[in-house]
Amino acid sequence: MNIKVSFRKEILLSGFLIFLTFSAAMAQRPKVGLVLSGGGAKGISHIGVLQAIDSAGLKIDYITGTSMGSVIGGLYAIGYSGKEIEKIANKLDWDAILSNKPNYTDISIDEKDEYGKYSVELGIKDLKPQIGTGLIESEELWLTLNDLFLPVYNIKDFSKFNIPFKCIATDLSDGKAVVLSKGEIVTAVRSSMAIPSVFTAIDYDSTKLVDGGIIRNFPVSDIKKMGADIVIGVNLFTGLPDISKLNNVLDVFYQITQYRDAEDLVHEKKLCNLIIEPPVEKYSAGSFDATDSIMLIGKEMGNLYYPYFKHLADSLNKLYPVKYSPNGRLPKTESIIIDEVTFDGIKNTSMSLLSDKIQIKPGHSYTASQINKGFRKAYSSRYYDNVYYELKPTTDGHAKMVCKVKESLLTQVKLGLSYHSYSGAAILANITVRNLFLDKSRTMVKIAAGEYFRFMAEHKQAFGPKATNYINIAYRIENLPLNIYNGAQQTSLYHVNYNQFDLNYTRVFNTNWSLAAGIRHQRNTFSPGVTDNLKVDGNMNNYFTYLKSEAKTTDRRLYPTSGYEFSAVAGVVFNRKAQINIYNNEGTTIDTSELINGKPEFYRFMINYSRYHALSSKLVFLFNLQAGMTVNSQGFIFDNFYLGGVQDLSERQMVFVGLNEGQITSTSLTSALLGMQYNLSGSLFLTGKVNTAMYNFSTPTNIYDEDQLKWINGFSLGLGYNLGVLPMEFTAMYSPEIGTIYSHVKIGFIF
């Protein structure tokens, strides 16, 4: 940092002159005020200044802050030291806090199937799409603030904090500053940082509040009114940035909000005795990926101004002795006994549903972590835009909990784009309605309209004391191609229409594991597209009764870095009926229905397990095991398993790099895959995989027949860009047994 040593001397001299002025004119200890401005991610630099103040032993008597300055200032005011705030900042998951979605690991497994698969999701009310006052509700921000400020849950007057505190918000109705000094500290801080059109506005009395930076980003006049005699200001706004530096939506909105502040800043600066301006110009309000660098700048500024803080502290303590330590100021509140739970905002959903999710029982003691776990679970149910809590103190160590609920609109329309090398391009559309027929239900219709048509209608009805039991009814229609191969040569193409009706009972044992028992009716109708010397058409019907177990603990849907995915299905196929006609080149028709009709039932088993393990911050090791077998089947192609492809597209497909979808079909398959996933930069990933499989090891007469056993190997290299709403992936793959290089492209999400 290029700052001359003479500047340090000027600081020391100014501090000495300030001290002489107050010591001569006052009979009591001068009050020191600290003002922390807003600035988004740049506000992390405040922490380094606080640490220098702590090291100097300088007692701060008042604090004011705006936006990020209100968050850090509020934490310091209630008793956290600068070092403790640094630990908090380092642990925070900024991606989760700035997201409008629950963490994937918190989503119940019965909701994971549709979570995060669409580019656009809109609530519908009175047949009209609804748009809120901001893009981000940030459930995680509410819960994080509730956790951090729990030690002062029983203090509703901010002047009663260890250091009296005020923060600034803006009244959305008239554009005037609102000074928040009483009430719920979490609500106050959240209001102060509600950047317009980025974070949602906060309800307050009969109006709404947004970011205080619009009107007063550097609230020095407010700290003077509190009684501060000496004012230290940390200002992160040094003027409107060049238009070329506005790189994201957060930067643009900060630029808009700072027009007024640019005028106000001149007046506010004049009221400071010392102004500290960390050189963070190259960072933006949204640079949360650079918090380490910003933190370092704050520490360097703290070291630079430490002599001033030390001189001021020693001088004040010499004439006005006071016992003070920056440590141990935070009240010791590890858990609270909840006397009563009430609900505010429930209109269309049931209290019992929310109670089932949060699992807070009156008369029991809870830590903030335990409380937040229940509210994350409730939010992940997708019934709420946000759901958090306020604690109203009753007696010592006890509180009444008020659940603050903002319900999601019960009808959601979701749209997305999809392209897959196998199924082609499609527009995805989804309509989801909750509580359409009964409480605690999800009714959904989704369509993929493109080269191949896919449709599903489903109704899930939850019941039981914890809403962990489900009755599921679903109907699917899929028109997908069926390619027949002889090695690398595609010999036939069939058009297949899949119809399936499914009824099952599912029990969700925890967020990530479920067990289901059900029955399906399946009908496949097929006709030739391109064939060699034979043409086959007809249809086949059967029932399948099954048990199915699923578990998902991965940290995200795409490019996970930890966790596993598991599924296993076992069941009986029975009551098969078919009408199958084969036409040879002479035009002769052969009815082969008797090969299936009247045959006994057969048994099907399939298992799939994937595991992800981070070797470093960028490198992830992954492996996959798959197996499938039918016992007592006749080997008809629609009863078989399909080997090939990069992603799962159909029920009995087994992914195998090196082969196209369904390039090998068999009554028995097992495969193993190893891979490495490397994060090149940002959202760009490189993935290499190698797999091997054996197939045809089971025959109608032998579960294992070594003479029929065949092996195949495959390799792939993929480049993916996780764009979030429209991920893209290109893969090149090769199998030495096939001898052909295949390419694969996927854009968007699979149906």
Point to revise | Ring-ring centroid check Y384 Y379, cutoff 6.0 Å | key: no

Check your understanding: If you measure only the distance, is there a donor-acceptor pair under 3.5 Å linking the side chains of E268 and S221?
Key -> yes

**Study point:** Closest contact, heavy atoms only, Y153 versus P393
**Key:** O-CD, 3.9 Å

Exercise for review: Anything under 30° is parallel, anything over 60° is perpendicular, the rest tilted; go ahead and classify Y115 against Y104.
Suggested key: parallel

Check your understanding: In Å, rounded to the nearest 0.5 Å, how long is the span from CD of E86 to CG of N90?
Key -> 5.5 Å

Practice item. Could you grab the distance from atom CG of D147 to atom OG of S369, nearest 0.5 Å is fine? Key: 7.0 Å

Review point. Using 4.0 Å as the upper bound for N to carboxylate O, is an ion pair formed by K166 and D222?
Key: no

Review point. Which pair of non-hydrogen atoms, one from M301 and one from E277, has the smallest distance, and what is that distance?
Key: CE-O, 4.0 Å

Check your understanding: Does the S81 side chain pair with the main chain of E84, one donor and one acceptor, at a distance under 3.5 Å?
Key -> yes

Review point. Between the side chain of N273 and the main-chain N/O of V231, is any donor-acceptor distance below 3.5 Å?
Key: yes

Practice item. Decide yes or no on salt bridge (charged side-chain N to carboxylate O under 4.0 Å, His left out) for D106 and K373, but give the supporting numbers first. Key: CA-CA 9 Å; D106 293 327; K373 182 179 179 180; over 6 Å; no

Practice item. Give the minimum heavy-atom separation between T207 and L172, together with the two atoms involved. Key: OG1-N, 4.4 Å

Practice item. Could you tell me which non-hydrogen atom of G43 sits nearest to which non-hydrogen atom of M68, and how far apart they are? Key: CA-CG, 3.7 Å

Exercise for review: Could you tell me whether a side-chain N or O of R29 sits under 3.5 Å from a main-chain N or O of Y320, the two making a donor and an acceptor?
Suggested key: yes

Check your understanding: Got a second to check how far I358's CD1 is from Q370's CD, nearest 0.5 Å?
Key -> 13.5 Å

Exercise for review: Would you please indicate if the ring centroids of F237 and F218 are separated by under 6.0 Å?
Suggested key: no

**Study point:** Result of checking R190, K406, K208 against T200 for side-chain hydrogen bond (donor to acceptor under 3.5 Å, both in side chains)
**Key:** R190

**Study point:** Ring centres under 6.0 angstrom apart (F158, F161)
**Key:** yes

**Study point:** Nearest-0.5 Å distance that lies between atom CG in L316 and atom NZ in K31
**Key:** 10.5 Å

Review point. Just wondering, more than 12 heavy atoms not from K182 lying within 6.0 Å of its NZ?
Key: no

Review point. Under 3.5 Å, side chain of T66 to main-chain N/O of R216, donor-acceptor pair present?
Key: yes

Review point. Judged by atom type as modelled, is there a donor-acceptor pair below 3.5 Å linking the side chain of D61 to the main-chain atoms of V32?
Key: yes

Check your understanding: Take atom CG in D396; do more than 12 heavy atoms of anything else shown fall under 6.0 Å from it?
Key -> no

Check your understanding: Is the shortest distance from a Lys or Arg side-chain nitrogen in R376 or E140 to a carboxylate oxygen in the other one below 4.0 Å?
Key -> yes

Review point. Per the side chain to side chain contact (heavy atoms under 4.5 Å, CB included) rule, which among Y612, Y678, F685 passes with V620?
Key: Y612

**Study point:** NZ or CZ of R329 within 45° of Y324 ring axis and under 6.0 Å
**Key:** no

Point to revise | Side chains of L58 and I232 in contact at under 4.5 Å (non-hydrogen atoms) | key: yes

**Study point:** Y389 and N372 side chains, donor-acceptor separation under 3.5 Å
**Key:** yes

Point to revise | Sidechain-backbone polar pair: S192 side chain, G212 backbone, donor-acceptor under 3.5 Å | key: no

Review point. If you measure from CD1 on I88 to CD1 on I47, what distance do you get to the nearest 0.5 Å?
Key: 8.5 Å

**Study point:** Heavy-atom closest pair, residues I338 and L391
**Key:** CD1-CD2, 4.0 Å

Exercise for review: Kindly check if the number of other-residue, nucleotide or ligand heavy atoms within 6.0 Å of NZ (K224) is above 12?
Suggested key: yes

Review point. Taking everything shown except K392 itself, do over 12 heavy atoms lie less than 6.0 Å from its NZ?
Key: yes

Review point. If you take all heavy atoms of N679 and L684, which pair is closest and at what distance?
Key: ND2-O, 3.0 Å

Check your understanding: Salt bridge or not for D314 and K318, using N-O below 4.0 Å?
Key -> no

Check your understanding: Any side-chain donor paired with an acceptor under 3.5 Å for T561 and D555?
Key -> yes

Review point. Just checking, is any N or O donor in the side chain of S67 or D211 under 3.5 Å from an acceptor N or O on the other one?
Key: yes

Check your understanding: Within a radius of less than 6.0 Å around NZ of K160, do more than 12 heavy atoms belonging to other residues, nucleotides or ligands occur?
Key -> no

